[in-house]
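One structure is given below, encoded as structure tokens.
In listed order, ligands and their atoms are each counted from 1. No hydrogens, no waters, no symmetry mates; every other heavy atom, side chains included, goes into these values.
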Amino acid sequence: MNVSSFKDILRYVQQNKPKKIAIAAAQDTDVLEAVIKAKNLGIAEAILVGDWKKIKEILHLLEIKKDIFQVIDIKGTKEAAQKAVSLVRNMEADILMKGLIPTSELLKAVLDKENGLRGNNLLSHVAVFEFEQYNRLFILSDAAMNIAPNLEEKRQIIENAVFVARAIGIELPKVAVLSAVELVNPAINSTLDAANLSKMAERGQIKNAIIDGPLALDNAVSEKAAAHKGIHSPVAGKADVLIVPNIEAGNVLYKSFVYFAHAKSAGILAGAKAPVVLTSRSDSAETKINSISLSILMSNLNGSVKQIMKNDN
Ligand code: COD
């Protein structure tokens, strides 16, 4: 599969049977609009877990029949999150999506050791971007979950991002571990981590990707900038995946892509037993559908990509 736009992802997931999304605290107009659209596109069904009275009012305002989705009436957001997580855990739903609930509350339910959705890896946020001037998708991580990852956490963040890259058809993704400069500077910790991660990849401690760093953003994405600096690297200027040093750098880069570069975007949590869609209030309707499509793609390929990675190890 070769994917170079969100339209390609949507077309791809439309070829499969609709997936089931469990919405935690579904009493949210934007989220309900997104799942109605996903249903109309034929890509998803939903189980609405939340305050039925409020959900009913929203569906009425949207002029949508109140019985189009299965509903589980739970008023408390914490309890709704636990129920939605359990639906995914018990495989009654394929994907978890955040409704009207604080992110931290949902993440607590997801991270719960006994009843959550933790897999063997760290959970991390993986964002995908489509820019008008590039004919390929870019991946950015972690802009929203892990605050100040250490070396081992960054290794797992890379693994999750590579998993998503391969799901969108980038067989051997080029991963740039970003910092402010492209030379190792002991005073800038992220340059040390980046150099270590590159070496770990060389030694086979991170598989299925070509990894290089430290790289600054310009020489990661612009061949001209890389040539100007005399950087000889298979990743420089050609990166598919951008790994940021911490959540602040990631979040600023994410928002500058959207606000200054008008990038189209999608985001999911990877590394869990199933994809988690964590859209925020400020996300456009298009971003919400892109994120749902991406989560469906991940859910479809979950088994096969995991298998591919297992075989490669
Ligand atoms: N993956 C797997 N397990 C994790 C992860 C993870 N990413 N993070 C924490 N855990 C586990 C820990 O090992 C531990 O067992 C348990 O969860 C609790 O760990 P704490 O005490 O570090 O976790 P919390 O609850 O204090 O914090 C976890 C959050 C994800 C809530 C925290 O990291 C956070 O607030 N992240 C930023 C979220 C945010 O504000 N994003 C911006 C939105 S755009």
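Contact annotation: the side chain of S293 approaches that of I43 to within less than 4.5 Å [non-hydrogen atoms, C-beta and beyond]. Side-chain contact check for P18 versus K39: every heavy-atom pair is 4.5 Å or farther apart. Contact check for R89 versus L117: side-chain heavy atoms found under the 4.5 Å cut-off. Looking only at side-chain heavy atoms (C-beta outward), E57 and K53 come within less than 4.5 Å of each other. Residues I95 and I296 have side chains in contact (heavy-atom distance under 4.5 Å, counting atoms from C-beta outward).
Under a 4.0 Å criterion applied to the non-hydrogen atoms of L122, ligand 1 contributes the atoms 1 (N), 6 (C), 7 (N). Listed by number with element, the atoms of ligand 1 under 4.0 Å from a non-hydrogen atom of L107 are 30 (C). Listed by number with element, the atoms of ligand 1 under 4.0 Å from a non-hydrogen atom of K113 are 15 (O).
Protein heavy atoms are absent from the space less than 4.0 angstrom from atom 18 (C) of ligand 1. Under the 4.0 Å distance rule, the nearest protein heavy atom to atom 37 (C) of ligand 1 falls inside the cut-off. At least one protein heavy atom sits closer than 4.0 Å to atom 15 (O) of ligand 1. For atom 41 (N) of ligand 1, the nearest protein heavy atom lies closer than 4.0 Å.
Residues S233 and D212 bring a donor and an acceptor atom of their side chains to less than 3.5 Å of each other. Side-chain contact, Q27 with D51: no donor N or O sits under 3.5 Å from an acceptor N or O.
Taking the six-membered ring for Trp and thresholds of 30 and 60 degrees, Y254 and F129 have ring planes more than 60 degrees apart, a perpendicular arrangement.
Closest to atom 34 (C) of ligand 1 among all protein heavy atoms lies I147 CD1, 3.7 Å. If you check which protein heavy atom lies closest to atom 24 (P) of ligand 1, you get K108 NZ, 4.9 Å.
Taking 4.0 Å as the cut-off between side-chain N and carboxylate O, K37 and E33 do not count as a salt-bridged pair.
The closest non-hydrogen atom to atom 7 (N) of ligand 1, taken over L123, N160, N121, comes from L123. Among L111, L117, L269, the residue whose heavy atom lies nearest to atom 8 (N) of ligand 1 is L111.
Taking any N or O of R118, backbone or side chain, at least one lies under 3.5 Å from an N or O belonging to ligand 1. The distance criterion of under 3.5 Å between nitrogen or oxygen atoms is met by A144 with respect to ligand 1. When only interatomic distances are considered, the shortest N/O to N/O separation between M145 and ligand 1 falls below 3.5 Å.
If you look at T103 next to ligand 1, there are no close heavy atoms at all, none under 4.0 Å.
For the atom pair S141 OG and I247 CD1, the distance stands at 10.0 Å (nearest 0.5 Å).
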